[in-house]
Amino acid sequence: MNGFREKMMRFMAGRRGIDQFSLALYILGFVLYLLALILSLPVLSLLSTAVWIYGLFRGFSRNIAKREAENRWFMGWFGPIAVKIKQAHVRFKNRKIYLYYRCPKCKCWLKLPRNVGEKHVTCGHCGASFTKKA
Ligand SMILES: [Zn+2]
């Protein structure tokens with residue numbers, strides 16, 4: 001087992017491995033594969049295989065600069081979406097502790113501890129002030 005591990009480490013030396021873009025490709029490939037099964041569309045199955053092969057190619061590629069550029073491109077548009085998903089998860093987790101609401105002027109998220117009654121609130125982003133009941 002140790003020999004195998006050593007061989008794998010030697011094989012992966014100088015290669016990119018899994019980054020965020022590759023992980024997203026594997027997940028996308030899996031979703032496409034499931035859709036292909038559900039909708040019985042062979043073209044989706046083919047597409048999922050192509051996406052997986054591209055993900056594997058990226059992981060084993062020795063052209064690290066190119067793969068990093070691809071990952072930067074991916075994170076450039078997916079990063080903000082990932083942040084929004086993470087924030088929505090936190091809001092959901094703390095929904096019983098805080099009342100989350102949007103600022104009426106700039107629409108950014110604000111929170112108040114629940115059961116504080118009516119409060120005068122000033123938005124930290126745009127400075128708009130209003131009253132909110134929590
Ligand atoms: Zn605001």
Side-chain angles (χ1 to χ4, degrees):
M1 198 63 194
N2 246 354
F4 175 74
R5 197 177 164 162
E6 219 168 87
K7 275 181 191 164
M8 268 310 282
M9 281 175 71
R10 212 172 303 133
F11 177 71
M12 288 308 291
R15 296 176 200 267
R16 180 91 171 115
I18 295 176
D19 56 13
Q20 293 97 332
F21 188 28
S22 288
L23 190 64
L25 286 172
Y26 299 142
I27 292 169
L28 175 69
F30 185 67
V31 168
L32 287 174
Y33 176 72
L34 286 181
L35 282 176
L37 284 182
I38 293 165
L39 307 171
S40 60
L41 283 174
V43 71
L44 279 184
S45 173
L46 211 70
L47 193 65
S48 100
T49 307
V51 168
W52 265 334
I53 288 172
Y54 182 54
L56 284 173
F57 159 76
R58 290 193 76 258
F60 293 132
S61 169
R62 285 185 189 276
N63 191 348
I64 290 177
K66 188 110 185 262
R67 301 291 88 79
E68 278 178 350
E70 287 170 358
N71 199 52
R72 266 197 305 278
W73 166 81
F74 172 71
M75 288 312 286
W77 67 265
F78 185 72
I81 297 171
V83 167
K84 280 188 178 163
I85 292 171
K86 220 176 260 176
Q87 288 172 340
H89 179 246
V90 168
R91 282 196 303 271
F92 184 77
K93 220 170 63 181
N94 296 333
R95 70 191 182 281
K96 286 178 180 159
I97 306 165
Y98 296 108
L99 171 75
Y100 290 94
Y101 57 98
R102 286 185 178 273
C103 168
K105 194 177 168 194
C106 71
K107 305 291 178 207
C108 71
W109 281 103
L110 302 170
K111 70 179 179 183
L112 267 181
R114 292 219 176 251
N115 305 318
V116 291
E118 200 164 271
K119 275 272 187 188
H120 189 76
V121 184
T122 302
C123 174
H125 295 264
C126 68
S129 47
F130 50 95
T131 52
K132 186 79 188 170
K133 204 171 138 191

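Counting convention: from 1, in listed order, for ligands and their atoms alike. Computed from a predicted structure; not experimentally measured.
- At distances below 3.5 Å, not a single donor-acceptor pair connects side-chain atoms of R67 with backbone N or O atoms of G17.
- No hydrogens or angles considered: nothing links the side chains of S61 and R16 as a donor-acceptor pair under 3.5 Å.
- Among the atoms of C108, no N, O or S atom falls under 2.8 Å of the Zn ion (ligand 1).
- R10 pairs by the salt bridge (charged side-chain N to carboxylate O under 4.0 Å, His left out) definition with E6, not counting sequence neighbours.
- Between the SG atom of C126 and the SG atom of C123, the angle centred on the Zn ion (ligand 1) amounts to 110° when rounded to 10°.
- The angle subtended at the Zn ion (ligand 1) by SG of C106 and SG of C103 is 110°, given to the nearest 10°.
- Within the 2.8 Å limit, H125 places no N, O or S atom next to the Zn ion (ligand 1).
- Ring orientation note: the planes of W109 and Y100 are nearly perpendicular, at an angle over 60° on the 30°/60° scale.
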